[in-house]
Amino acid sequence: YEMLNKYKKKNLKKAWYESIRLGNIEDYEIFDKLIDTKNIKKYALVRKKIKKLIIPNSVVNIGKYAFSNNLLTKIYIPKSVQKIGKNAFYKNNLTEVNVDDDSELKIINEGAFKSNKISKLNILKSKSLEVIGESSFSFNKLKELIIPNSVKIIDDLAFNHNKIKKFIVPNSVEKIGKKAFYKNKISNLEFDDNSNLKIIDTDSFYRNDLEHLTIPDSVKLISERAFAENILIDVKISKKTEYKNTSFDIDAKIIKLDSTKEIKEIKEIKEIKEIKKSSKLKYFIIFFVFIIILFLLYYFNIFNLKNVIKL
């Protein structure tokens with residue numbers, strides 16, 4: 001009854017939600033002993049004008065619309081959370097999302113962080129994350145994106161309408177959904193070695209800034225307009241990969257190869273040669289500068305260098 005009276009609620013679940021809304025972390029452990037605190041149910045704290053939030057360490061599932069339409073600017077997802085429900089943090093003022101070390105997060109559902117102002121996304125520590133759901137981070141302000149090498153599906157519209165400039169696709173990813181990266185600013189798209197990517201769906205990278213593209217051999221299908229409305233000059237692709245007439249920019253030169261792995265190997269060899277060349281140049285410059293210094297010292301007879309040499 002103490003918690004009911006304190007929060008002026010008729011049941012303990014609502015009292016717990018109120019303690020979360022108010023950020024009374026000193027009461028979290030008390031509620032852990034009284035009720036099931038693993039699940040924050042749907043619509044739990046929607047439209048409550050919440051500016052700050054500390055999610056209890058006991059929470060496993062965050063229900064749909066649980067914290068939507070609030071005023072949150074930053075959020076920290078504790079290690080215990082495994083699932084973030086549909087539109088859970090939709091329409092806040094979030095600029096930053098962080099997950100705990102060794103996070104157990106597995107699924108970020110549809111629209112979970114849609115329509116915020118996120119510019120910093122730190123989910124790399126979530127080694128169990130497998131699904132980034134439909135529209136989950138769409139309409140934000142992301143410029144950089146790094147996702148863990150555990151994600152298998154980047155769903156439709158997942159990161160559309162952001163400002164991402166560079167993205168390295170982890171080798172765990174098997175499918176990139178429709179319009180997943182639609183309307184970004186990606187000029188550098190790379191794929192990890194031993195890629196498992198099989199499908200790049202319709203409009204996946206439509207309207208970006210790609211000039212050069214190398215598709216990994218693992219890709220079986222590239223759908224309509226997947227890379228259209230970029231500024232593509234050339235596309236290197238395996239002869240076994242199926243693509244459509246509209247998959248790439250009309251003017252892009254399509255280079256079909258037995259394997260695109262050759263490209264990476266050649267590039268790596270060139271990079272090694274460039275490093276060796278620059279190292280030789282650096283040593284030559286150091287030697288040249290040393291000779292000049294010796295000449296100047298001799299010419300101006302600094303340290304009686306002429307006499308020393310005569311002796």
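A quick note: this is a predicted structure, and the numbers were derived from the prediction, not measured.
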Chemist: Can you tell me if I25 has over 12 outside heavy atoms packed within less than 6.0 Å of its CD1?
Modeler: no
Chemist: State plainly whether the residues K239 and D258 are in salt-bridge range, i.e. N to O under 4.0 Å.
Modeler: yes
Chemist: Hey, is the main chain of D209 close enough, under 3.5 Å, to the side chain of N230 for a donor-acceptor pair?
Modeler: yes
Chemist: State whether the side chain of S136 and the backbone N or O of G111 hold a donor-acceptor pair below 3.5 Å, judged by distance alone.
Modeler: no
Chemist: Show me the pairs that pass side chain to side chain donor-acceptor pair (under 3.5 Å) and involve residues 168-177, at least two apart or across chains.
Modeler: N149-N171, N149-S172
Chemist: Under a 3.5 Å threshold, yes or no: a donor from one side chain and an acceptor from the other, between N93 and T73?
Modeler: no
Chemist: Is any side-chain heavy atom of K244 closer than 4.5 Å to a side-chain heavy atom of R225?
Modeler: no
Chemist: So, taking the atom named CD1 in I54 and the one named OH in Y28, what distance separates them when rounded to the nearest 0.5 Å?
Modeler: 6.0 Å
Chemist: With the 4.5 Å side-chain cut-off for hydrophobic clustering, are Y206 and L221 part of the same group?
Modeler: no
Chemist: If you group Ile, Leu, Val, Met, Phe, Trp and Tyr by side-chain heavy-atom gaps below 4.5 Å, do I30 and L22 land in one group?
Modeler: yes
Chemist: How far apart are the closest heavy atoms of F181 and N184, and which atoms are they?
Modeler: O-ND2, 3.2 Å
Chemist: Which pairs pass salt bridge (charged side-chain N to carboxylate O under 4.0 Å, His left out) with one or both residues in residues 12-28, sequence neighbours excluded?
Modeler: K6-D27, E18-R21
Chemist: Quick one: pull up OG in S119 and NZ in K143 and give me the separation to the nearest 0.5 Å.
Modeler: 8.0 Å
Chemist: More than 12 non-hydrogen atoms from neighbouring residues, nucleotides or ligands closer than 6.0 Å to CD1 on I35, yes or no?
Modeler: yes
Chemist: Tell me, yes or no, whether the heavy-atom count around K198 atom NZ, taken from other residues, nucleotides or ligands under 6.0 Å, exceeds 12.
Modeler: yes
Chemist: Under the 3.5 angstrom rule, does the side chain of N5 hit a backbone N or O of M3 as a donor-acceptor pair?
Modeler: no
Chemist: Answer yes or no: is there a donor N or O on one side and an acceptor on the other, between the side chain of S135 and the main chain of A158, under 3.5 Å?
Modeler: no
Chemist: So that I can tick it off, tell me whether D203 and K178 are bridged by a salt bridge, with the cut-off set at under 4.0 angstrom between side-chain N and carboxylate O.
Modeler: no
Chemist: Run the side-chain hydrogen bond (donor to acceptor under 3.5 Å, both in side chains) test on Y90 and N69 for me, step by step, so that the C-alpha distance in whole Å, both residues' side-chain angles and the decisive distance to 0.1 Å come before the verdict.
Modeler: CA-CA 6 Å; Y90 169 70; N69 297 88; over 6 Å; no
Chemist: Hey, quick one: are I107 and I123 part of the same hydrophobic cluster, counting side-chain heavy atoms closer than 4.5 Å, chains of contacts allowed?
Modeler: no
Chemist: Can you give each donor-acceptor pair under 3.5 Å made by side-chain atoms of residues 77-89, sequence neighbours left out, with the distance rounded to 0.1 Å?
Modeler:
{"from": "S80", "atom 1": "OG", "to": "N57", "atom 2": "O", "distance (Å)": "2.8"}
{"from": "S80", "atom 1": "OG", "to": "V59", "atom 2": "O", "distance (Å)": "2.6"}
{"from": "N87", "atom 1": "ND2", "to": "Y65", "atom 2": "OH", "distance (Å)": "2.8"}

Chemist: Backbone N or O of Y76 within a donor-acceptor pair of the N98 side chain at under 3.5 Å?
Modeler: no
Chemist: Would K240 and E242 pass as an ion pair if we require N to O under 4.0 Å?
Modeler: no
Chemist: Distance from N92 atom CG to L71 atom CG, nearest 0.5 Å?
Modeler: 7.0 Å
Chemist: Apply side chain to side chain contact (heavy atoms under 4.5 Å, CB included) to residues K114 and K91 and explain how you reach the verdict.
Modeler: CA-CA 7 Å; K114 183 181 177 181; K91 273 200 174 181; over 6 Å; no
Chemist: For residues 38-51, which side-chain donor-acceptor pairs fall under 3.5 Å, sequence neighbours excluded?
Modeler:
{"from": "N39", "atom 1": "OD1", "to": "N61", "atom 2": "ND2", "distance (Å)": "2.9"}
{"from": "N39", "atom 1": "ND2", "to": "D36", "atom 2": "OD2", "distance (Å)": "3.4"}

Chemist: Check for a donor-acceptor pair, side chain of D217 on one end and backbone N or O of S259 on the other, with a separation under 3.5 Å.
Modeler: no
Chemist: Under the criterion side chain to side chain contact (heavy atoms under 4.5 Å, CB included), which of I146, I147, L142 is the partner of F167?
Modeler: I147
Chemist: Under the ring pair (Phe, Tyr, Trp, His ring centres under 6.0 Å) definition, can you give me all pairs with a residue in residues 127-149, not counting sequence neighbours?
Modeler: F113-F137, F137-F159, F139-H161
Chemist: Between the side chain of S204 and the main-chain N/O of G177, is any donor-acceptor distance below 3.5 Å?
Modeler: yes
Chemist: Check for a donor-acceptor pair, side chain of S247 on one end and backbone N or O of A226 on the other, with a separation under 3.5 Å.
Modeler: no
Chemist: Sub-3.5 Å donor-acceptor pair from the side chain of T95 to the main-chain atoms of I118, do we have one?
Modeler: no
Chemist: Supply the atom-to-atom distance D201 CG to D155 CG, rounded to the nearest 0.5 angstrom.
Modeler: 9.5 Å
Chemist: For the atom pair CG (L157) and CD1 (I154), what is the distance rounded to the nearest 0.5 Å?
Modeler: 13.0 Å
Chemist: Using the side-chain hydrogen bond (donor to acceptor under 3.5 Å, both in side chains) rule, take Y182 and N208 through it: C-alpha gap first, then chi angles, then the decisive distance, then the call.
Modeler: CA-CA 7 Å; Y182 172 75; N208 277 275; over 6 Å; no
Chemist: Listing request: all ring pair (Phe, Tyr, Trp, His ring centres under 6.0 Å) pairs with a residue in residues 210-230, at least two apart in sequence or in separate chains.
Modeler: F205-F227, F227-F248
Chemist: Any chance you could measure K183, atom NZ, to N162, atom CG, to the nearest 0.5 Å?
Modeler: 12.5 Å
Chemist: Tell me if the CG atom of N11 is crowded by more than 12 foreign heavy atoms within 6.0 Å.
Modeler: yes
Chemist: Given side chain to side chain contact (heavy atoms under 4.5 Å, CB included), test L94 with I75 step by step and report yes or no.
Modeler: CA-CA 7 Å; L94 288 169; I75 191 67; 4.0 Å; yes
